[in-house]
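Note that this is a predicted model, so its numbers are computed, not measured. Note on naming: letters A, B, ... go to the chains in the order of the sequence lines (proteins, then strands), and numbering restarts at 1 for each one.
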Amino acid sequence: MNILDKLNKQQLEAVTYKNGPLLVLAGAGSGKTRVLTTRIAHLIEEGVDPDNILAITFTNKAAGEMKSRIYSLIGYFAKTMQISTFHSFGLRIIKENFEYLGYDKNFVIFDSDDSLTIIKKILKEKNIDTTEFNPRAIRAKISSLKNELITPEKFKRQAFNDFEDVVSSVYSKYEDTLNKNNSLDFDDLLVLPIKLFTAKKDILEKYQEKFKYILIDEYQDTNEAQYKLTKLLASKYKNICCVGDVDQAIYGFRGANYRNILNFEKDYPNTKIINLEENYRSTKTILKAANSVISHNVNRKEKNLFSNLDIGDKISYYRASSGLDEVNFVIDKIKELEHDGVSYKDIVILYRTNAQSRTFEDGLLKANIPYKIIGGVNFYNRLEIKNLLAYLRIIHNPLDDVSLERVINVPKRGIGSKTISNLAITAMEENVSLFDAIKSGKELQFKNLINELREKKDTLPLVDFIDLVLDKSGIKKEYESEKSLEADVRLENLEEFKSVALAFQEETGIISLEDFLLNISLITDNSEVKEEKNAVNLMTIHAVKGLEYDYVFLVGMEENLFPHTNSLMNDEEIEEERRLCYVAITRCKKKLYLTNARIRLLYGQEQINPVSRFISEIDDDLLDNVGIKVIFNDEDIKSEEKKVINQEEVYNNTEVTYKVNDFVYHDTFGPGKVVSVIENKKDPSRTLLKIAFKLPYGVKTLVYSHKNLRKV
DNA sequence: CCATAATTCTTTTTT
DNA sequence: AGAATTATGG
């Protein structure tokens, strides 16, 4: 069977348009990944060497997905191809050219926690008050400067308030520190290749020759550095295919500029533009809801995304009385779905902030439902893992002061802050690393330990070496002797880390510490290492980008949470939140559930938030308000009554004498309670009420003026 | 130097 | 509420 058979007209065109700049504007669910993968397969069939193709995706997950799909199309060739994120691509360039960039080959990559540590230290040295100048804010600013390719020297000239002055001075010291430590941060993975390509034309040319065909996914989310890198590489052959959707631009906070996609034609004259507008993923109902939400954005181009699938189920909307109630609702529905034969892995719970995952995790755990959290508090961020990694790093890179300081007293060896500051003074005076400054005392024992381990690092397979480090350092013994539940968990995590190392070793055949360390710094969660298991997925909306699920629970649909408080002041940011909502809705194939809570515990305080504006932006007739459960008996009515205190939803149409939660009596159905009021603006006498009656009647929709109906 | 108590942040989204 | 940082006393 031909690989082109399954494509529609536009997809086919995008796949077969071989040379020159190509922009594919791909609406949600329009088969974007299929186009990219088939295009790559087709290029290879046409005789393009797989080594000449570069494909960039946004996440490791997406890269893996693409690889396996290409593999299923063309087999073997997929293995050698460069399909990666911008960051791992950048790392590859750096690895191949570290000597031109002034790094020693043992360089390591610092994560954002390490960056923060460095920044805090610099602030202390400079006697800058951290309550006035928040280290995190400084880190964020430095990161965005790097991504805008603004150097410390340049920023020094343009800083124009106190905060920026502080940032400016910290920034240059921060860069020096990274250099001294023979280390890079995440942003360097983009910045350094650009530096290299700009300074060394011959090296750039080499890569231009190598990557004659370039494909970039999620182009609307590229920032200045990524944009520049792309442009440098593509400028010679201009065989560049970018795919994106302005309505799905959700990384503005990270400096992404969706205008990159709008400016594509200007950057590359004679661009071919192809629109993909048929959605193959979602039911008509879901797509309608998504379209109606996104249409509220002012700053946007009208687009006609359509679906030929069924209308499907209505969207369930549940307004819970509390955060716990919300969790229980979701869990009940998951149980129902499972009972109906749905597998857990086809279900996802999406939230705006990572902090929301906890209550759902607790609930799922209690309900004995398997789940996995994608992203969030990262496996590699756990204390024991960070300490082990710091050991590995200092063994690998003697210049890494940050890691040394982290573990020189782990486990406790009686080396305190006084010793370390003395060491720092010596290091400064002699202009050497902390490691080299060690000459005596207990710290010398530590130095000897590291030296001893360093000698062995290339003589043992990775996993055995890690075992040796755990053993000799005393980390293992410490946890073992503690005999607490917490210590046991930590030991388990260390075992898990070893299995990650083993998997890496088996998959790549690589056993060197160096490659392992570099690789691991780009992995942001370990779920991709773990085997596929049938479990409910939990993640933020940002993390779900590019994925799809049959059943989607979008929770916490409240003002202040989603849209998030911090975005309310600014129209641009509200629009980004709305695009985020659009992304969330369009992940869903079959049935969407929206939930929120009247009262929720947030930051240790009870908070009452209004319903998210995004709910009201969805046509009412697409929503099935399952807000109030059918009332079975008088007990239930009383408990509902309690719930209703704090109820703020009053339909203030004076023509209508009923509002939600009014108790009513119907001559045939008996006592009931108003669940929702469906106003008819043109003809108020046709206003409808949804009323929950006792079983066996259930929820009925009635005209409010019906003679059999009265208020109690 | 270190264990514990007290106090002060922190909360958007991520490679 | 929980984590992280700082103060206190042994």
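- For A:H396 and A:F107, the ring centers sit 6.0 Å or farther from each other.
- In this structure, A:F562 atom CZ and B:dT11 atom P are separated by 20 Å, rounded to whole Å.
- One finds the OG1 atom of A:T565 at 7.5 Å from the CG atom of A:N609 (value rounded to the nearest 0.5 Å).
- Out of C:dG2, B:dT15, B:dT13, the shortest distance to the side chain of A:H87 is found at B:dT15.
- At a threshold of 4.0 angstrom between heavy atoms, the contacts of A:Q226 with the nucleic acid are absent.
- Between A:K545 atom NZ and B:dT14 atom P the separation is 12 Å, expressed in whole Å.
- Taking atom CG of A:L568 as the reference point, atom P of B:dT11 lies 18 Å away to the nearest angstrom.
- Between A:F155 and A:Y174, the distance separating the two ring centers is not shorter than 6.0 angstrom.
- The heavy-atom pair separating A:D401 from A:L434 by the smallest distance is OD1-N, 3.1 Å.
- Not less than 6.0 angstrom separates the ring centroid of A:F360 from the ring centroid of A:Y371.
- Counting non-hydrogen atoms under 4.0 angstrom, A:S88 reaches nothing in the nucleic acid.
- The distance between atom CG of A:N381 and atom P of B:dT15, rounded to the nearest whole Å, is 12 Å.
- Residue A:N354 places at least one side-chain N or O under 4.0 Å from the OP1 or OP2 atom of B:dT13.
- Ring planes of A:F562 and A:F614: perpendicular class, angle over 60° (limits at 30 and 60°).
- Nearer the 5' end of DNA chain B, as judged by each residue's closest nucleotide, is the contact made by A:G414, out of A:G414 and A:N566.
- Between A:T419 and B:dC1 there is a side-chain N or O to OP1 or OP2 distance below 4.0 Å.
- Between the CZ atom of A:R413 and the P atom of B:dC2 there is a distance of 11 Å, given to the nearest Å.
- A cation-pi arrangement is found for A:R579 relative to A:Y258, the charged atom lying closer than 6.0 Å to the ring centre and inside a 45° cone about the ring normal.
- Across every non-hydrogen atom of A:Q82 and A:L54, the tightest pair is CG-CD1, 3.3 Å.
- Taking every side-chain heavy atom of A:T353 into account, B:dT13 is the closest of B:dC1, B:dT13, B:dC2.
- Straight-line distance from the CD1 atom of A:I374 to the P atom of B:dT13: 16 Å, rounded to whole Å.
- Here B:dT15 is the nucleotide among B:dC2, B:dT15, B:dT14 with the atom lying nearest to any side-chain atom of A:F186.
- Residue whose closest nucleotide on DNA chain B sits further toward the 5' end, between A:S417 and A:A543: A:S417.
- Among the nucleotides B:dT15, B:dT11, B:dT13, the one closest to the side chain of A:A355 is B:dT11.
- Remark: P of B:dT14 and CD of A:E576 are 12 Å apart, rounded to the nearest angstrom.
- Stacking between A:Y251 and B:dT13 is absent: the aromatic ring centre is not both under 5.5 angstrom from the base six-membered ring centre and within 30 degrees in plane angle.
- Looking at the side chain of A:K412, the nearest of the listed nucleotides B:dC1, B:dC2, B:dT15 is B:dC2.
- Among the protein residues, A:K442 comes within range of no part of the nucleic acid, since none of its heavy atoms lies under 4.0 Å from any strand.
- Contact annotation for A:F86: no contact, since no heavy-atom pair falls under 4.0 Å across all strands.
- Regarding A:K386, its NZ atom lies at a distance of 16 Å from the P atom of C:dA3, rounded to whole Å.
- Residues of residues 125-144 of chain A that place a heavy atom closer than 4.0 Å to DNA chain B, in numerical order, are A:T131, A:N134, A:R136.
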